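What follows is a short report on a single structure.
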Amino acid sequence: MVQFGWKAGPEQYPPVELMKYAIAADKAGFDMLDASDHFHPWSEEGQACFTWTWFGAVATQTQRITLSSGVTCPILRYHPSIIAQASATVTHFAPRRFALGVGTGEALNEFAATGQWPEYTERRDRLAEAIELIRALWTGEPVTYKGKYYHTNKARLYTPPTGPIPIIVSALVPHSAQFAGKYGDGLWSVGGKQPEIYQEIIKSFEESAREAGKDPKRMPRWLELTIGYSNNPEAEIQSRLKYWAGAHVPALFDQKIYTPKMSQENGEVVGADTLKKMGCFSSNPEDHVKFVKQYIELGFDHIIFHSGGPDQLAFIESYARDVLPKLHNL
């Protein structure tokens, strides 16, 4: 069964306000809550709280919604052992409702905080080691790990996770989907591209998973979609551009763009037409159903809705009331 989630935006809202929206999403009936883990926001206008502290607070105030990092980069700002410990702790406040989303990061966060920004191949290799080490530590057994990038000496989580934590690996292109299939428990991507690209992403993911001895049919495929749902779609678009334009520039994910001002300047090339092509900005529930359905038919089964609109509470309540029931009936 397809699950539907709400994207929490620490880059847009201060943490206490964002927590109130998370509680509302839990009560409204969203299945999942996905929060990014950034050191810097995408815009000078934004916010940037520490997501792991925020997860702990939200876990104690919600009852049913699954929490997920979308995504954490456990290779530079963090040593993998710290992410293993942090995620294990969250499960004690939210048993059986936490997933760890991971990726290779952006200079906006990693270079800004550490001064390090190696090439993608090194970051990918670091991520492979990080995933292996995190899983080893989650067992609760002492771990002496001697990799190329990370080392531990009889490291042990004395408070291990309360249960299994799926690792969902970010993949925006087919070759990174191969990595996700090999090392992850699931796939995490973003919408707005041509269907052929997602077909290749899923194909690469499934083939790599099979080669690794896994059953891809049992591995979730997460997708984040850009949307706006209100009677004023243009206001939704302008709010999205104010805080998130930089996130829609591919260079942000591989070039050394490391300040919110740099991100904001690069995002100036993103206009309303670009957002309209990649997302769904409409007050008509049927438009949203049609938009989401195409991605479900491509093979995604965990859909995250990201609204950067000015009234987040209104979005949560109205979308849960008007759109989610129709999606559940597909």
Side-chain angles (χ1 to χ4, degrees), residues 36-39 51-52 68-88 98-111 113-114 116-157 160-161 164-190 200-216 218-222 253-256:
S36 46
D37 179 8
H38 287 176
F39 185 79
T51 297
W52 290 98
S68 170
S69 57
V71 295
T72 286
C73 178
I75 62 173
L76 294 170
R77 270 185 300 150
Y78 308 114
H79 191 282
S81 60
I82 300 304
I83 295 302
Q85 184 184 36
S87 53
F98 182 76
L100 178 63
V102 298
T104 54
E106 305 90 15
L108 184 70
N109 308 296
E110 310 312 317
F111 181 75
T114 71
Q116 300 179 67
W117 187 240
E119 294 296 323
Y120 170 75
T121 52
E122 179 180 328
R123 288 184 282 125
R124 179 200 60 201
D125 293 345
R126 282 176 173 269
L127 184 58
E129 278 195 17
I131 290 171
E132 184 178 39
L133 178 53
I134 288 168
R135 286 197 174 115
L137 287 166
W138 280 342
T139 67
E141 298 296 323
V143 177
T144 296
Y145 186 87
K146 297 190 182 300
K148 181 178 180 180
Y149 302 104
Y150 306 110
H151 297 81
T152 61
N153 295 294
K154 293 186 177 180
R156 179 184 173 191
L157 293 186
I165 303 175
I167 296 180
I168 314 299
V169 178
S170 173
L172 305 183
V173 293
H175 72 81
S176 57
Q178 293 177 347
F179 180 94
K182 180 177 180 179
Y183 292 98
D185 300 312
L187 171 73
W188 189 96
S189 196
V190 296
E200 287 299 316
I201 286 175
I202 290 178
K203 179 182 177 182
S204 296
F205 173 72
E206 292 181 342
E207 289 177 349
S208 182
R210 291 191 190 96
E211 291 174 1
K214 306 173 188 177
D215 181 0
R218 301 174 63 88
M219 301 171 72
R221 299 95 181 271
W222 295 52
F253 298 95
D254 54 28
Q255 301 299 311
K256 197 177 287 185

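Just so you know, these numbers come straight off a predicted model, no measurement behind them. Sequential numbering from 1 along the given sequence is applied to the chain's residues.
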Of all heavy-atom pairs between [X] and [Y], which one has the smallest distance, and what is that distance?
| X | Y | answer |
| --- | --- | --- |
| S189 | A171 | OG-O, 2.8 Å |
| A130 | I75 | CB-CG2, 4.2 Å |
| P216 | A209 | CB-CB, 4.2 Å |
| P166 | P164 | CD-O, 3.9 Å |
| A180 | L187 | CB-CD1, 4.1 Å |
| D37 | T51 | CA-OG1, 3.5 Å |

Determine whether [X] and [Y] make a side-chain contact, defined as any pair of heavy atoms from C-beta on separated by less than 4.5 Å.
| X | Y | answer |
| --- | --- | --- |
| P74 | L127 | yes |
| F98 | P161 | no |
| R126 | Y150 | yes |

What distance separates [X] [atom1] from [Y] [atom2], expressed to the nearest 0.5 Å?
| X | Y | atom1 | atom2 | result |
| --- | --- | --- | --- | --- |
| F111 | F39 | CZ | CZ | 13.0 Å |
| I82 | I134 | CD1 | CD1 | 10.5 Å |
| Y78 | E110 | OH | CD | 8.0 Å |
| Q178 | E211 | CD | CD | 8.0 Å |
| R210 | D215 | CZ | CG | 8.0 Å |
| I168 | M219 | CD1 | CE | 8.0 Å |

- How far apart are the C-alpha atoms of I83 and W52, what are their side-chain angles, what is the distance that settles it, and do they pass the side chain to side chain contact (heavy atoms under 4.5 Å, CB included) test? CA-CA 9 Å; I83 295 302; W52 290 98; 3.8 Å; yes
Between the main-chain N or O of [Y] and the side-chain N or O of [X], is there a donor-acceptor pair closer than 3.5 Å?
| X | Y | result |
| --- | --- | --- |
| T152 | V143 | yes |
| S208 | K182 | yes |
| S87 | A84 | yes |
| K148 | E129 | no |
| R156 | G140 | yes |

- Message: Can you tell whether the side chains of R221 and E206 come within less than 4.0 Å, N to carboxylate O?
- Response: yes
- Using a strict cut-off of less than 4.0 Å between a Lys/Arg side-chain nitrogen and an Asp/Glu carboxylate oxygen, indicate whether D254 and R123 qualify as a salt bridge. no
- Should D185 and R135 be marked as a side chain to side chain contact (heavy atoms under 4.5 Å, CB included) after you check the CA-CA gap, both sets of side-chain angles, and the distance that decides it? CA-CA 11 Å; D185 300 312; R135 286 197 174 115; 3.1 Å; yes
- Note on the structure: The complete set of ring pair (Phe, Tyr, Trp, His ring centres under 6.0 Å) pairs with one or both residues in residues 128-149, sequence neighbours excluded, reads none
- So with a 6.0 Å cut-off around CZ of F179, is the heavy-atom count from everything else above 12? yes
- Query: Got more than 12 heavy atoms from elsewhere within 6.0 Å of NZ, K203?
  - Reply: no
- Could you go step by step and tell me if S36 and V71 meet the side chain to side chain contact (heavy atoms under 4.5 Å, CB included) rule? CA-CA 5 Å; S36 46; V71 295; over 6 Å; no
- Would you please test C73 and N109 for side chain to side chain contact (heavy atoms under 4.5 Å, CB included) and show each step? CA-CA 9 Å; C73 178; N109 308 296; over 6 Å; no
